[in-house]
Amino acid sequence: MNPKSLFFLVVVLAFTAFFPWLMGKIILGLILFVIALRIGITLGGLGVKKPDVNALIFEVPKGTAELGSVDGAYNFRDLGGYVTKDGSKKVRKGLVFRSSDFSSLKEKGHQDLNDIGIKTVIDLRQTKEVNRQPNKLPDSIQQQHLPIYDDDKAKHKMMMFGTVFFARARIIKLFREMYTFFLDTKSDGFANTFRAIAEEEKLPLVFHCSAGKDRTGLVAAILLSLLGVPDDMIINEYSQTNKTFPTLFDWFTANGSMKKIGVPDEHAAWLFVANPVWIENALKHLQSEFGGAEEYLLSLGVTEAEVKSIREKLLVPHLE
């Protein structure tokens, strides 16, 4: 037993000896909490079915959002190829990519990244996530750790804890709130990611979180919006993550962590869906609260010169 555990045990035993009546109430409270939690899981999950992810995959232009080009990174794709609102330009391919983490990469994945020409990997995860599952990257690639959030803020903890009740409507509401919460925190992670994209020597570049869905999806949406891609196409791009659902869900169910607290797989599955409603709401929030992607980035301290640099590097004429 380590010293911290031993100290905790001594404190609990001492507390029990001096305040047995209070300890009894605490234990009774914990028992009632566990019972209420299990009832909540059961009632919240009544009628919940495993999501039909195919219905949540929207059409994107041919040649965009192609998955699977890096072995070991199941949600890797190019953000290029999308046409701007006025039809005059499109996003240049081969410069900015999005992905899940690179903790499972081996030699083949290293070669894939080198073949693409990736120079920089931006890790949007928390420090504890990075420590738990560090990226396995070739030495030739520079890595930057730029977390979107890096603590256990009360609101985030409450939002994620609330999902154990697994009412589908509740999960949709929680994730919608989480996306706008991330935007409202105005994280340095957002600002520094876009500063990196503005630097030519760091391109081609890929950014990622764990699954490449939520934090990564937000950064991708802000970038495409900044470049003038229509909201409906940004939403469609986001929905492509649902193509990776079987891989992610299979890994998750094999892990068995939710079953340990009595949550059936079909309920937990809703946590791994890229619901277009979430990114649609985030884009509306970006516009209504900040005035749009450019204004949002400027409010974070990204300069007009950096915004101009991003557009100059990533936009090319669209030839019909």
Side-chain angles (χ1 to χ4, degrees), residues 56 58-60 65 79 82-89 91 96 98 124 146-149 151 153-160 162-163 167-195 197-198 207 209 212-242 270-271 273-311 314-315:
L56 297 175
F58 301 157
E59 186 176 354
V60 292
L79 283 175
Y82 295 99
V83 178
T84 57
K85 296 173 186 176
D86 64 7
S88 65
K89 296 180 180 179
V91 182
V96 179
R98 57 177 291 177
L124 305 172
L146 304 176
I148 296 301
Y149 67 93
D151 55 31
K153 292 183 179 180
K155 183 168 183 179
H156 179 257
K157 290 174 71 175
M158 287 170 57
M159 283 160 44
M160 295 313 294
T163 61
R168 177 175 174 271
R170 181 64 177 157
I171 293 173
I172 291 174
K173 181 176 184 293
L174 287 167
F175 271 83
R176 187 168 60 236
E177 290 176 355
M178 185 173 72
Y179 280 30
T180 56
F181 172 64
F182 284 156
L183 289 173
D184 290 343
T185 60
K186 303 180 80 169
S187 163
D188 289 342
F190 284 126
N192 291 329
T193 295
F194 281 86
R195 290 190 181 105
I197 295 172
F207 54 85
C209 51
K213 177 171 77 78
D214 302 312
R215 289 162 287 186
T216 298
L218 269 177
V219 172
I222 296 169
L223 176 61
L224 293 176
S225 183
L226 178 70
L227 296 175
V229 176
D231 283 0
D232 60 346
M233 194 52 62
I234 296 173
I235 294 166
N236 290 9
E237 192 287 324
Y238 170 85
S239 78
Q240 302 308 296
T241 288
N242 288 317
W270 283 97
L271 293 174
V273 170
N275 192 324
V277 169
W278 302 333
I279 205 69
E280 179 181 13
N281 185 70
L283 288 167
K284 290 179 179 177
H285 187 78
L286 192 66
Q287 183 63 44
S288 64
E289 296 300 316
F290 302 100
E294 179 175 353
E295 290 78 6
Y296 179 69
L297 293 174
L298 293 175
S299 76
L300 299 181
V302 177
T303 67
E304 291 183 359
E306 287 168 330
V307 168
K308 182 180 178 182
S309 176
I310 291 171
R311 287 177 170 143
L314 297 187
L315 289 173

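As a basis for the values below, the full set of heavy atoms in this structure was taken, side chains included, without hydrogen atoms, waters or symmetry mates.
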Do side-chain atoms of [X] reach the backbone of [Y] as a donor and acceptor pair under 3.5 angstrom?
{"X": "N236", "Y": "V60", "value": "no"}
{"X": "S225", "Y": "I222", "value": "no"}
{"X": "S187", "Y": "Y149", "value": "no"}
{"X": "R215", "Y": "F182", "value": "no"}
{"X": "Y82", "Y": "E237", "value": "no"}
{"X": "T84", "Y": "K89", "value": "yes"}

[Y] side chain reached by [X] side chain, heavy atoms, under 4.5 Å:
{"X": "V96", "Y": "V91", "result": "no"}
{"X": "L297", "Y": "L300", "result": "yes"}
{"X": "E304", "Y": "V307", "result": "no"}
{"X": "M233", "Y": "V83", "result": "no"}
{"X": "F207", "Y": "L79", "result": "yes"}

Could you report the tightest heavy-atom contact between [X] and [Y], atom names first, then the distance?
{"X": "K213", "Y": "R98", "result": "O-NH2, 4.0 Å"}
{"X": "P276", "Y": "I235", "result": "CB-CG2, 3.6 Å"}
{"X": "D214", "Y": "C209", "result": "N-SG, 4.4 Å"}
{"X": "R176", "Y": "V277", "result": "NH1-CG1, 4.1 Å"}
{"X": "S309", "Y": "A198", "result": "OG-O, 2.8 Å"}
{"X": "L298", "Y": "T303", "result": "CD2-C, 3.8 Å"}

Exercise. When you look at NZ of K186, are more than 12 heavy atoms from neighbouring residues, nucleotides or ligands closer to it than 6.0 Å?
Worked result: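 Yes, NZ of K186 has more than 12 neighbouring heavy atoms, counting only those of other groups under 6.0 Å.
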For this session: Quick one: sort the Y296 and F190 rings into parallel, tilted or perpendicular, breaks at 30° and 60°.
Result: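 Plane angle over 60°, so perpendicular.
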Atom [atom1] in [X], atom [atom2] in [Y]: separation rounded to 0.5 Å?
{"X": "L315", "Y": "L227", "atom1": "CG", "atom2": "CG", "result": "4.5 Å"}
{"X": "L223", "Y": "L314", "atom1": "CG", "atom2": "CG", "result": "6.0 Å"}
{"X": "E295", "Y": "L226", "atom1": "CD", "atom2": "CG", "result": "9.5 Å"}

Exercise. Please walk me through it: do Y238 and I234 pass side-chain contact (heavy atoms from CB on, under 4.5 Å)?
Worked result: CA-CA 6 Å; Y238 170 85; I234 296 173; 5.7 Å; no
Problem set entry | Identified side-chain contact (heavy atoms from CB on, under 4.5 Å) counterpart of L286 within the set N281, L218, L183 | L183
Problem set entry | K284 and E280: CA distance, side-chain angles, deciding distance, salt bridge (Lys or Arg N to Asp or Glu O under 4.0 Å) verdict | CA-CA 6 Å; K284 290 179 179 177; E280 179 181 13; 3.7 Å; yes
For this session: Start with the C-alpha gap between L146 and D188, add the side-chain angles, then the distance that decides, and say whether side-chain contact (heavy atoms from CB on, under 4.5 Å) holds.
Result: CA-CA 8 Å; L146 304 176; D188 289 342; over 6 Å; no
